[in-house]
Amino acid sequence: MSAPAAPTERDRRRWAQYLVNERAEARVYRELAGRREGEERQILLALAEAEGRHEAHWLELLGGEPARLPRPDVRTSLLGTMAKSFGSIFVLALAQNAEARSPYDDEPFATQGMAADEKVHHEVVRGLAARGRRRLSGTFRAAVFGANDGLVSNLALVMGIGATGVSSQFVLFSGIAGLLAGALSMGAGEFVSVRSQRELLAATEPSDFADSALPHLDIDANELALVYRTRGMPEAEAAARARRVVEQAQALGRGRADSGPIDLVDHGEVVGSSWGAALSSFLFFASGAIIPVLPWIFGLSGLAAIVLALALVGVALLSTGAAVGLLSGAPPLRRALRQLAIGFGAAAVTYVLGLLFGVSMG
């Protein structure tokens, strides 16, 4: 990049803005590093150090610390606030989007190295955010899926029932029934799913069924090597291990078939508790399903109850959609609007069906 020969006052104001933004971003990374240990801490501190190099560039162009500095832009200020108050996964997701929108590509006073740094920073932050997403994915998926299922299904239910012209008490009863039926169904389904998965995994584990027979095997003619081969061991290695195990068993007069290359797994850690999964699914669904029913619980009826239910569910759908977008690195607004459109679309269909059914019954 070739810089203009004579920078203007407007250029200096832009440099000052870059300066405070770089400082704020460095503080964000240091704040996150303070909550991490090991490799992630070192990576975040290295990012802060890189932002410090960029800060030094703008200070040099400005000829030292300006007497007055602007505030960091809204995006950077938001990152700083979240770094102090929220989990790092949300901050890193925002930082990932921020690093992808670096202004240095079109900035004549920034070096090519600075522009390249920002692209690399985006990938580094993306990698850190991916670690957090992997740790969070199972629980977060269950929470969002359960809550949104409750929101959409119960909104559609009360909208459809309400459109038929029945009493508000009947709409309330239908909403509560839908909440319980859906939550119980989600909980039961999750319980069966997790329990079945645990049983399936347990059935694949090595057993000690043949251990007592080891001392009596013919060391030159036995099928123990086949056991190890079924567990993923190469043929030659399986044969060597089988011979070694039989020799040891015969020497000791007892045996224990070890698990070879496959370690025993605590399936509770892998797939979780079936009761815990059932309870969380029940609560996640219920937490979403109760929102469309709130207007009728508090005594509203008719159009006022429907409008308030739509407003409450709309806010909830926008929030969950934005959270999904934020954590996935996608634009939060687009995901929020998509979630809203899906939920309201389902409600509109059942509302129209309710109107038609109400007219035909009338």
Side-chain angles (χ1 to χ4, degrees), residues 1-36 38-84 86 88-133 325-334:
M1 298 179 187
S2 57
T8 65
E9 186 60 30
R10 183 178 180 182
D11 291 329
R12 295 182 63 82
R13 288 197 299 269
R14 193 170 65 253
W15 299 345
Q17 187 66 60
Y18 290 149
L19 174 66
V20 296
N21 287 345
E22 294 287 4
R23 285 178 175 172
E25 289 176 8
R27 283 195 297 271
V28 168
Y29 292 134
R30 283 193 290 269
E31 183 77 28
L32 294 177
R35 303 182 183 183
R36 287 287 179 267
E39 186 181 33
E40 288 191 13
R41 175 183 172 85
Q42 295 173 7
I43 292 171
L44 288 164
L45 290 175
L47 287 174
E49 182 181 349
E51 302 295 355
R53 293 197 304 269
H54 296 177
E55 173 191 342
H57 172 81
W58 300 118
L59 269 177
E60 182 180 356
L61 286 181
L62 288 165
E65 187 75 18
R68 296 182 60 185
L69 286 172
R71 292 179 177 274
D73 59 29
V74 175
R75 169 184 58 81
T76 310
S77 298
L78 179 62
L79 278 175
T81 301
M82 293 187 68
K84 296 177 181 178
F86 297 95
S88 60
I89 178 60
F90 288 95
V91 183
L92 288 171
L94 278 175
Q96 176 185 331
N97 289 332
E99 295 286 4
R101 296 191 298 269
S102 170
Y104 294 161
D105 287 334
D106 302 318
E107 173 54 59
F109 289 93
T111 67
Q112 289 184 334
M114 291 170 66
D117 282 348
E118 294 298 316
K119 289 182 170 59
V120 173
H121 292 178
H122 173 262
E123 290 304 314
V124 173
V125 174
R126 179 189 178 113
L128 289 173
R131 291 186 178 188
R133 291 185 186 110
L326 183 63
L327 290 176
S328 65
L333 180 60
R334 185 182 304 170

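Side chains are part of it too, since the values below use all heavy atoms of this structure and drop only hydrogens, waters and symmetry mates. Counting from 1, the numbers follow the sequence of the chain as shown.
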May I have the list of side-chain donor-acceptor pairs in residues 66-74 shorter than 3.5 Å, sequence neighbours left out?
residue : atom : partner : partner atom : Å
D73     : OD1  : R75     : N            : 3.4
D73     : OD1  : T76     : N            : 2.8
D73     : OD1  : T76     : OG1          : 2.6
D73     : OD2  : N21     : ND2          : 3.1

Between L61 and R12, which heavy-atom pair has the shortest distance, and what is it?
O-NH1, 3.9 Å
Which residue pairs satisfy the side chain to side chain donor-acceptor pair (under 3.5 Å) criterion with at least one member in residues 54-64, sequence neighbours excluded?
E22-H54, R23-E55, H54-D117, H54-E118, W58-Y104
Mind checking the CZ-CG spacing from R30 to L44? Nearest 0.5 Å is all I need.
11.5 Å
Spacing of CD belonging to E40 relative to CD belonging to Q42, to within rounding of 0.5 Å
11.0 Å
Point-to-point distance, once rounded to the nearest 0.5 Å, from CG of L47 to OH of Y29:
5.5 Å
Please assess E107 against M114 for the test side-chain contact (heavy atoms from CB on, under 4.5 Å), listing each intermediate value before the final yes or no.
CA-CA 10 Å; E107 173 54 59; M114 291 170 66; over 6 Å; no
Scanning both residues in full, the closest heavy-atom pair of R41 with G34 reads NH1-CA, 3.7 Å
Assess whether atom CD of E49 is packed by more than 12 heavy atoms of other residues, nucleotides or ligands within 6.0 Å.
no
Mind running side-chain contact (heavy atoms from CB on, under 4.5 Å) on R36 and I43 for me, showing each step along the way?
CA-CA 10 Å; R36 287 287 179 267; I43 292 171; over 6 Å; no
Roughly how far, to the nearest 0.5 Å, is the CG atom of D11 from the CZ atom of F109?
4.5 Å
Could you pull out all residues at least two apart from R13 that satisfy side chain to side chain contact (heavy atoms under 4.5 Å, CB included)?
E9, R10
To the nearest 0.5 Å, what is the distance between CG (L128) and CD (E39)?
8.5 Å
